Amino acid sequence: MIYVDINSIWNSFLEKMQENLTPVLYDMWFSETKLIELTEERAKILVPMSLHKKHLKENYIDLIEKTFTDVTGSIFKFEFVTEDDINNEAIIDIDEIGVPENTSFNSNLDPKYTFENFVSGASNKFAKATALAVAEQPGSMYNPLFIYGKSGLGKTHLMHAIGNYIKENSRKKVLYVTTDTFVNDFLKIYRKNEGDSNFETIDSFKDKYRNVDVLMIDDIQYLEIAHKTQQEFFNTFNDLYTNNKQIVIASDRSPDDLKKLEERLRTRFVWGLIVDILPPDYQLRMDIIDKKIDSNNMDTFFPQDVKEYIANNCTSDIRKLEGAITRIIAYAAIMNGSDITLELAMDALKDYFGKTVISKNKIEQVLQIVANNYNINVEDLKGKRKSNDITIPRQIAMYICRIYLKESLPKIGSEFGGKDHTTVMHAVNKIKKEVEKNDELNIEITKILNQIPWINE
Ligand code: ADP
Ligand code: MG
């Protein structure tokens, strides 16, 4: 037998593949592959995850065989293995195909979120790979795809990336919605009495949610508190699923932890693939910082110690990390385009890190958060104005202070600009009753509570 250098064969192969594929696809599916064995008719390829085995076999095998034949002049059969397989000699196999469709309609996708600008590292690599696999073959591989992880780790980004990819590469109908939108749309059907201007029939609801190839629902945790809507979501899910339509779901918790969700829904979520995204490690944080600075087209230099400062202080939330960069850039601009230094960065981020923990007064914090949510001022909440856009947030804020902070009625009254304790009691009782029957309000309040860190601990 002649000695062949399999590494250089594989490198020539990879070069050719690179010419044939977009950078995103090449990076994901080929950049980490390696030829580890070549016998007379078999080529054994080492791949990083078992996901690659399935995906390469189902989607790329023709291209791989043809390209490899171009390089070697012979025909080989391919076998894909992971490190684990080499250790336990296991093989898995599955097969299926998708169906194309068309039409232009509002997908609610934000074009700025793509796979290209989703930086990957150990904590999100698997999630990105499955998302891309779903985007390449919607409805056939992992259905539903359930992505979960804490806030600010890139779930929504990945969903939009899936949608944008599918729209770019096929004529499939994609719809991205948040759970609130789904709940609101559904509840509209039941509000026949409230005037007919935005009255929607069941048919138009079904048309919107079932006449699609890909349905993505974000923040499904809010469905836990929307009891009436769970049944309808169940029906929508079943209809899409039986028609091989792709469903993608994101949540801040795993299906197991969505305890208030009907059992039959939770079990369905497990039918497909569940992937989690973990907080970014230091390297990934640095990579993301570099990418963000790069895409900002900054002409000012961002020194290494500033990057390290950000990476060391934003450890668990990429949204926050982005916010830090934006702040520094804005701050430097305000200072007449002065150089970015560690000192300037620390100044710019003075109140930014950990400001949620150190606040004087919890009622004051609730007031601030509620005011932000409704685009009004804290002074409005403390004041006497009685228009609905102020009264309702004020009552909600009182309710939160009473139920979740367990503050006394007189104390709340005095913090809310010196109101009588009976006024507070009335507000608390009103919201308490309302929450029991109004799913939308329930979601609204849950969202506010989610922004109050010490309530969730
Ligand atoms: P989640 O939905 O999990 O709360 P998002 O998808 O909204 O988080 O992400 C928050 C912000 O962080 C977005 O601006 C997003 O673009 C950015 N982001 C998250 N993960 C990454 C990543 N891996 N690479 C680049 N940007 C990211
Ligand atoms: Mg999100």
Side-chain angles (χ1 to χ4, degrees), residues 23-24 27-28 107-132 134-135 145-165 175-183 215-224 248-255 257-258 274-297 302 307 310-311 313-330 352 356 373 443 446-451 453 456:
V24 163
D27 277 351
M28 180 60 74
S107 294
N108 297 330
L109 292 171
D110 186 337
K112 81 169 180 276
Y113 296 129
T114 62
F115 286 115
E116 281 84 356
N117 61 20
F118 188 87
V119 185
S120 59
S123 55
N124 62 16
K125 208 171 182 172
F126 186 62
K128 182 177 180 182
T130 47
L132 185 56
V134 163
L145 175 64
F146 190 102
I147 307 172
Y148 75 93
K150 293 249 158 62
S151 170
L153 296 183
K155 303 180 295 293
T156 299
H157 187 137
L158 275 183
M159 290 180 117
H160 284 277
I162 293 173
N164 287 322
Y165 187 98
L175 178 64
Y176 165 90
V177 287
T178 59
T179 297
D180 307 22
T181 305
F182 186 86
V183 172
L215 177 64
M216 299 194 277
I217 302 217
D218 207 348
D219 290 321
I220 200 84
Q221 68 271 13
Y222 294 123
L223 201 62
E224 275 195 317
V248 181
I249 298 167
S251 163
D252 68 351
R253 270 163 284 151
S254 75
D257 288 329
L258 293 168
I274 301 177
V275 293
D276 62 345
I277 305 187
L278 295 169
D281 58 21
Y282 184 79
Q283 186 56 49
L284 179 55
R285 300 201 295 274
M286 287 300 267
D287 290 347
I288 291 174
I289 293 169
D290 281 334
K291 182 100 183 185
K292 301 282 170 199
I293 293 171
D294 211 40
S295 63
N296 250 302
N297 286 327
F302 230 90
K307 292 184 200 170
I310 302 172
N313 281 286
C314 294
T315 52
S316 57
D317 182 341
I318 296 168
R319 188 177 290 119
K320 186 122 197 188
L321 191 146
E322 284 182 334
I325 299 168
T326 311
R327 267 187 177 223
I328 295 173
I329 294 173
Y352 189 67
T356 41
N373 272 272
I443 290 182
T446 307
K447 281 197 165 161
I448 296 170
L449 294 173
N450 280 344
Q451 297 161 38
N456 303 304

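Read the numbers this way: they start at 1 and go in the same order the structure lists the ligands and their atoms. Computed from a predicted model, the values in this text were never measured in an experiment. Below, each value reflects all heavy atoms present in this structure, side chains not excepted, and no hydrogens, waters or symmetry copies.
In this structure, a donor-acceptor pair under 3.5 Å is present between the side chains of Asn450 and Tyr222. Counted by atom type alone, Asp257 and Gln221 present zero donor-acceptor pairs between their side chains at under 3.5 Å. Thr315 and Arg285 form no side-chain donor-acceptor contact under 3.5 Å, judged by distance and modelled atom types alone.
Relative orientation of the His157 and Phe118 rings is perpendicular, given thresholds of 30° and 60° on the angle between their planes. Taking the six-membered ring where the residue is Trp, Tyr113 and His160 present tilted rings, their angle falling between 30° and 60°.
For Lys292, the closest heavy-atom approach to ligand 1 falls below 4.0 Å. Using a 4.0 angstrom heavy-atom cutoff, Gly149 does not count as in contact with ligand 1.
Among all protein heavy atoms, the one lying closest to atom 8 (O) of ligand 1 is Gly154 N, 3.0 Å. Looking only at protein heavy atoms, the nearest one to atom 7 (O) of ligand 1 is Arg319 NH2, 2.9 Å. In this structure, the protein non-hydrogen atom closest to atom 16 (O) of ligand 1 is His157 ND1, 2.7 Å. Scanning all protein heavy atoms for the shortest distance to atom 18 (N) of ligand 1 gives Ile318 CG2, 3.3 Å.
Remark: ligand 1 and Ser120 share no N or O pair separated by less than 3.5 Å (distance only, no angle test). In terms of N/O distances under 3.5 Å, ligand 1 is not approached by Leu158. Considering backbone and side-chain atoms together, Val119 places an N or O closer than 3.5 Å to an N or O of ligand 1.
Electrostatic pairing of Lys291 and Glu116 does not count as a salt bridge here, judged by no charged N lying under 4.0 Å from a carboxylate O. Salt bridge Lys307/Asp290: present, at least one basic N to carboxylate O contact under 4.0 Å.
Backbone or side-chain N, O or S atoms of Met159 do not reach the Mg ion (ligand 2) at under 2.8 Å.
For the pairing with Asp218, the side-chain contact (heavy atoms from CB on, under 4.5 Å) check across Ile147, Asp180, Thr156 returns one residue only, Thr156.
In this structure, OG in Ser123 is found 7.5 Å from CG in Leu153, a value given to the nearest 0.5 Å. Note that CG of Leu109 and CG of Leu175 are 8.5 Å apart. Values are rounded to the nearest 0.5 Å.
Taking every non-hydrogen atom of Asn124 and a distance limit under 4.0 Å, the qualifying atoms of ligand 1 come out as 23 (N). Each of the atoms 1 (P), 2 (O), 3 (O), 4 (O), 6 (O), 8 (O) of ligand 1 lies under 4.0 Å from some heavy atom of Lys155.
The closest heavy-atom contact to atom 4 (O) of ligand 1, among the options Ser123, Ala250, Gly152, comes from Gly152. Here atom 2 (O) of ligand 1 lies nearest to Thr156 when heavy atoms of Asn117, Ile147, Thr156 are compared.
The proximity of Glu322 to ligand 1, defined as any non-hydrogen pair under 4.0 Å, is limited to the side chain.
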